[in-house]
Student: 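Okay, here's the structure, questions in a sec.
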Amino acid sequence: MQGRLSAWLVKHGLVHRSLGFDYQGIETLQIKPEDWHSIAVILYVYGYNYLRSQCAYDVAPGGLLASVYHLTRIEYGVDQPEEVCIKVFAPRRNPRIPSVFWIWKSADFQERESYDMLGICYDTHPRLKRILMPETWIGWPLRKDYIAPNFYEIQDAH
């Protein structure tokens with residue numbers, strides 16, 4: 001089933017794939033990494049002026065990585081704002097996705113966290129560096145194929 005936004009994107013010749021609706025009835029779309037920046041600008045102009053959240057996950061060991069964007073159209077006098085979920089999949093070997101920092105400033109720390117935990121590089125992000133792990137950390141802790149280093153903690157000093 002095609003949602004309202006998907007129908008609008010088709011009408012304007014914008015390439016995407018409809019993934020249906022989530023349990024709350026929010027439309028979910030898949031956008032290719034090479035199309036994401038231009039479609040993000042179009043969505044902003046169309047009225048999706050608020051990036052509610054951005055997160056990322058590892059689809060499967062050795063498989064794709066996904067960056068997920070929850071966008072909202074906030075308009076004066078509207079009690080139930082329109083929402084959409086966008087998923088952008090990237091290959092594990094060289095995961096690169098255009099940053100949306102310059103469109104929605106709230107993407108700053110969220111994209112940095114996705115980089116820090118999964119190693120997704122967000123092109124044109126102004127400060128893409130680790131935010132939770134030390135700069136010297138090796139690897140991407142939330143990848144399903146991540147092997148944790150063999151650390152020993154001092155639990156009791158007495």
Side-chain angles (χ1 to χ4, degrees), residues 1-75 80-133 135 137-146:
M1 185 169 146
Q2 191 177 56
R4 197 169 97 167
L5 181 59
S6 183
W8 187 86
L9 291 171
V10 167
K11 178 181 172 185
H12 291 86
L14 299 167
V15 179
H16 71 288
R17 180 175 166 226
S18 179
L19 299 176
F21 297 86
D22 70 5
Y23 71 98
Q24 293 177 314
I26 296 172
E27 186 175 11
T28 304
L29 305 175
Q30 178 183 343
I31 308 291
K32 292 180 182 177
E34 58 270 19
D35 299 329
W36 173 225
H37 187 266
S38 58
I39 290 180
V41 170
I42 290 166
L43 291 175
Y44 183 83
V45 171
Y46 184 67
Y48 287 94
N49 52 5
Y50 179 60
L51 173 65
R52 189 163 41 96
S53 70
Q54 183 277 329
C55 62
Y57 66 94
D58 189 347
V59 176
L64 297 171
L65 301 174
S67 188
V68 183
Y69 302 83
H70 296 273
L71 305 173
T72 306
R73 283 180 81 161
I74 297 180
E75 299 174 278
Q80 186 62 37
E82 189 178 325
E83 299 179 48
V84 67
C85 175
I86 306 290
K87 293 186 178 186
V88 182
F89 295 96
R92 171 180 235 82
R93 184 173 294 268
N94 186 19
R96 301 189 79 80
I97 295 173
S99 174
V100 293
F101 171 81
W102 302 105
I103 303 166
W104 298 285
K105 297 291 190 233
S106 59
D108 186 8
F109 286 0
Q110 296 175 51
E111 287 181 343
R112 285 180 60 193
E113 181 180 357
S114 296
Y115 165 73
D116 194 8
M117 296 289 108
L118 292 155
I120 299 172
C121 291
Y122 292 91
D123 297 333
T124 73
H125 191 287
R127 293 176 292 278
L128 193 62
K129 61 181 184 175
R130 291 197 181 268
I131 191 169
L132 300 172
M133 304 302 287
E135 285 293 327
W137 195 268
I138 297 171
W140 315 108
L142 288 185
R143 286 192 180 187
K144 292 182 179 178
D145 55 0
Y146 178 72

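Heavy-atom basis, side chains included; hydrogens, waters and symmetry copies ignored. As the structure is a computational prediction, the values presented were derived from the model and not from experiment.
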Student: Can you see which heavy atom on Ser114 is nearest to which on Ala56, and at what distance?
Tutor: OG-CB, 3.5 Å

Student: Any heavy-atom pair between the side chains of His37 and Ile97 that's under 4.5 Å?
Tutor: no

Student: State, yes or no, whether a side-chain contact exists between Tyr122 and Gln110 at a heavy-atom distance under 4.5 Å.
Tutor: no

Student: If you measure from CD1 on Ile26 to CZ on Arg52, what distance do you get to the nearest 0.5 Å?
Tutor: 5.5 Å

Student: List the atom of Leu64, the atom of Pro91, and the distance in Å for their closest heavy-atom pair.
Tutor: CD2-CA, 3.9 Å

Student: Side chain to side chain donor-acceptor pair (under 3.5 Å) for Glu82 and Tyr46? Distances and angles first, verdict last.
Tutor: CA-CA 12 Å; Glu82 189 178 325; Tyr46 184 67; 5.1 Å; no

Student: Can you sort out the partners of Ser18 under side-chain contact (heavy atoms from CB on, under 4.5 Å), two or more places apart, ordered by chain and number?
Tutor: Ser6, Leu29

Student: If you compare all heavy atoms of Glu111 against all heavy atoms of His125, which two are closest, and at what distance to 0.1 Å?
Tutor: OE1-CD2, 3.0 Å

Student: More than 12 heavy atoms of other residues, nucleotides or ligands under 6.0 Å from NZ of Lys105: is that the case?
Tutor: yes

Student: A side-chain contact here means heavy atoms from C-beta on lying under 4.5 Å apart; do Leu71 and Tyr44 qualify?
Tutor: no

Student: Can you check whether Lys144 reaches Tyr57 side chain to side chain, under 4.5 Å on heavy atoms?
Tutor: no

Student: Can any side-chain N or O of Arg96 pair as donor or acceptor with the backbone N or O of Ile120 at less than 3.5 Å?
Tutor: no

Student: Kindly say whether Ala40 contributes a backbone atom to a donor-acceptor pair with the side chain of Trp104 at under 3.5 angstrom?
Tutor: no

Student: Distance check, rounded to the nearest 0.5 Å: Thr28 atom OG1 versus His70 atom NE2?
Tutor: 8.0 Å

Student: Mind checking whether Arg143 and Arg92 have side chains closer than 4.5 Å, heavy atoms only?
Tutor: yes

Student: Evaluate the side chain to side chain contact (heavy atoms under 4.5 Å, CB included) criterion for residues Ile39 and Ile86: first the C-alpha distance (whole Å), next the side-chain angles of each, then the deciding distance (0.1 Å), finally the verdict.
Tutor: CA-CA 10 Å; Ile39 290 180; Ile86 306 290; 5.9 Å; no

Student: Going by the salt bridge (charged side-chain N to carboxylate O under 4.0 Å, His left out) test, which pairs reach into residues 26-36, not counting sequence neighbours?
Tutor: none

Student: About how many Å separate CG of Leu142 and CD of Glu113, when rounded to the nearest 0.5 Å?
Tutor: 8.0 Å

Student: Tell me, yes or no, whether the heavy-atom count around Phe21 atom CZ, taken from other residues, nucleotides or ligands under 6.0 Å, exceeds 12.
Tutor: yes

Student: Side chains of Arg73 and Val84, heavy atoms from C-beta outward: is any pair under 4.5 Å?
Tutor: no

Student: OH of Tyr50 to CD of Glu83: how many Å apart, nearest 0.5 Å?
Tutor: 10.0 Å

Student: Are side-chain heavy atoms of Leu118 and Asp58 found at a separation under 4.5 Å?
Tutor: yes

Student: Atom CZ of Arg17 and atom NZ of Lys87: how far apart are they, to the nearest 0.5 Å?
Tutor: 10.5 Å

Student: Measure across Pro141 and Asp116 and return the closest heavy-atom pair with its distance rounded to 0.1 Å.
Tutor: CD-O, 3.7 Å

Student: Could you pull out the closest heavy-atom pair between Thr72 and Pro81, with the gap in Å?
Tutor: CG2-CB, 3.6 Å

Student: Rounded to the nearest 0.5 Å, what's the gap from CH2 on Trp140 to CZ on Arg130? Could you check?
Tutor: 4.5 Å

Student: Evaluate side chain to side chain contact (heavy atoms under 4.5 Å, CB included) for Ile31 paired with Leu14, printing each intermediate quantity in order.
Tutor: CA-CA 10 Å; Ile31 308 291; Leu14 299 167; over 6 Å; no

Student: Can you name the nearest heavy-atom pair linking Ala107 to Val100, along with the distance?
Tutor: CB-CG2, 3.8 Å

Student: Under a 4.5 Å cut-off applied to non-hydrogen side-chain atoms, are Thr124 and Phe101 in contact?
Tutor: no

